[in-house]
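Since the structure comes first, as structure tokens, the remarks are kept for the end.
Because only heavy atoms are used, hydrogens play no part in the values below, and waters and symmetry mates are left out as well, while side chains stay in. Please read these numbers as outputs of a predicted model, since none were measured by experiment. Counting starts at 1 for both ligands and their atoms, following the listed order.
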Amino acid sequence: MPKKDFLSIADLDRPDLERLLRRGLEMKNARKEGREKRTLEGKILGLIFHKPSLRTRVSFEAGMMHLGGRTIYLTDKEIGIGSREAVGDVGEVLGRYLDAIMIRTFDHTIAVDLARHAPIPVINGLTDLLHPCQILADILTVIEHRGSIENRVVSFFGDGNNVAHSWINAAGLLPFTLRIAVPEGFEPSAEIVETAKKRGGKIEILHDPRAAAKDADVLYTDVWASMGQEAEREKRARAMAPFQINAELLRLAKADALVLHCLPAHRGEEITAEVIDGPHSVVFDEAENRLHAQKAVLEWLLA
Ligand code: CP
Ligand code: NVA
């Protein structure tokens with residue numbers, strides 16, 4: 001059987017995605033009820049980080065430990081992908097030692113190249129283009145709180161970035177409506193939007209945050225300046241200020257709307273403290289679900 005990777009939600013089909021979500025929830029329950037099985041005994045996951053992380057690193061490390069496996073944490077200082085050594089060579093070599101690799105990096109093509117050369121599964125732990133593990137956990141959180149994402153309206157505010165792109169990919173597979181509300185000049189990739197629409201995605205790109213919030217089931221935001229964009233922080237903050245999730249925007253959504261944020265959050269910028277710490281927010285369930293969703297991915301790729 002050819003090896004599988006998890007680089008993008010767009011590489012999945014709907015049954016694959018639904019299976020992963022179902023399995024993530026099952027694994028969450030199994031762990032809570034003391035029924036978890038150590039299905040990855042003896043397996044080793046390498047973790048390559050070119051950017052900082054709290055959730056991604058700890059949830060992958062803890063997840064492997066829960067399932068009986070181990071991890072090796074690698075920073076770019078040690079391996080120098082593309083500088084000390086060609087991406088392909090790193091993939092070939094790591095394939096001789098490890099069972100899978102997770103990579104968080106800048107340029108998405110590095111993750112794709114690594115997957116092409118490594119004879120073992122490669123998982124995208126965030127690139128400048130995509131953040132598939134995050135959206136898996138996000139959808140799992142909506143399902144957990146609302147039973148299903150079917151026919152729901154998910155509204156994303158701020159920057160048409162990696163997180164928005166993975167939401168768009170998911171909208172190409174599952175029957176929900178996705179509204180992306182961004183300032184002009186910060187729209188998501190037109191190619192990603194078109195591809196998802198061709199697969200049936202109900203996706204609207206808006207420049208009016210109030211229209212996007214109206215009767216929404218989920219309000220979602222992410223930082224305005226992603227990792228690597230710190231120098232643009234002020235310019236972005238000026239452009240995105242009208243897209244802040246605050247009490248006024250929340251009032252336009254459904255009365256029981258959920259508020260999600262991939263974290264880390266900047267209270268007072270993309271979201272107010274009142275909203276992220278308020279009763280609609282499920283951001284810590286969402287962060288927890290990174291663990292369960294990724295364990296389903298690890299099992300799917302490795303067990
Ligand atoms: N949401 C997320 O990916 O968090 P980290 O950057 O802390 O891994
Ligand atoms: N868009 C953010 C997500 C952080 C989890 C970034 O890339 O920094």
Apply side chain to side chain contact (heavy atoms under 4.5 Å, CB included) to Val282 and Val259, showing your working. CA-CA 6 Å; Val282 290; Val259 171; over 6 Å; no

Evaluate the criterion side chain to side chain contact (heavy atoms under 4.5 Å, CB included) for residue pair Arg55 and Leu263; output intermediate values, then yes/no. CA-CA 8 Å; Arg55 280 145 291 271; Leu263 306 177; 3.4 Å; yes

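By the neighbour-count criterion of 12 heavy atoms within 6.0 Å, atom NZ of Lys37 is sparsely surrounded, having that number or fewer from other residues, nucleotides or ligands.
Listed by atom number, the atoms of ligand 1 under 4.0 Å from Leu54 heavy atoms are 5 (P), 7 (O), 8 (O). Listed by number with element, the atoms of ligand 2 under 4.0 angstrom from any heavy atom of Asn161 are 1 (N). Those atoms of ligand 1 that come under 4.0 Å of a heavy atom in Cys262, given as number and element, are 1 (N).
Looking at atom 8 (O) of ligand 2, its nearest protein heavy atom turns out to be Met227 N, 2.8 Å. Ranking protein heavy atoms by distance to atom 2 (C) of ligand 1, first place goes to Arg290 NH1, 3.3 Å. Arg55 NE, 2.7 Å is the protein heavy atom nearest to atom 4 (O) of ligand 1.
With salt bridges taken as basic N to acidic carboxylate O contacts below 4.0 Å, one links Glu26 and Arg23. Note on Glu230 versus Arg233: no salt bridge recorded, every NZ/NE/NH1/NH2 to OD/OE distance being 4.0 Å or above.
Residue Asn162 touches ligand 2 through its side chain alone, judged by heavy-atom distances below 4.0 Å. Only the backbone of Leu263 comes within contact range of ligand 1, with a heavy atom under 4.0 Å; no side-chain atom does. Neither the backbone nor the side chain of Lys51 comes within contact range of ligand 1; no heavy atom lies under 4.0 Å. Contacts between Arg57 and ligand 1, counted as non-hydrogen atom pairs separated by less than 4.0 Å, are absent for every part of the residue.
Among Gln134, Arg104, Met227, the residue whose heavy atom lies closest to atom 6 (O) of ligand 1 is Arg104.
Closest approach of His261 to Ile271, counting heavy atoms only: CD2-CG2, 4.0 Å. Between Thr127 and Ala111, the shortest heavy-atom contact is CG2-CB, 4.1 Å. Between Ser166 and Pro132, the closest heavy-atom pair is OG-N, 3.4 Å.
There is a side-chain donor-acceptor pair under 3.5 Å between Glu78 and Thr75.
Taking any N or O of Ser226, backbone or side chain, at least one lies under 3.5 Å from an N or O belonging to ligand 2. Geometrically, ligand 1 and Leu126 share no nitrogen or oxygen pair separated by less than 3.5 Å. The shortest N or O to N or O distance between Lys51 and ligand 2 is not under 3.5 Å.
Heavy atoms of Leu263 approach ligand 2 to within less than 4.0 angstrom.
Across Phe156, Phe157, Tyr220, a single residue satisfies ring pair (Phe, Tyr, Trp, His ring centres under 6.0 Å) together with Trp167, and that is Tyr220.
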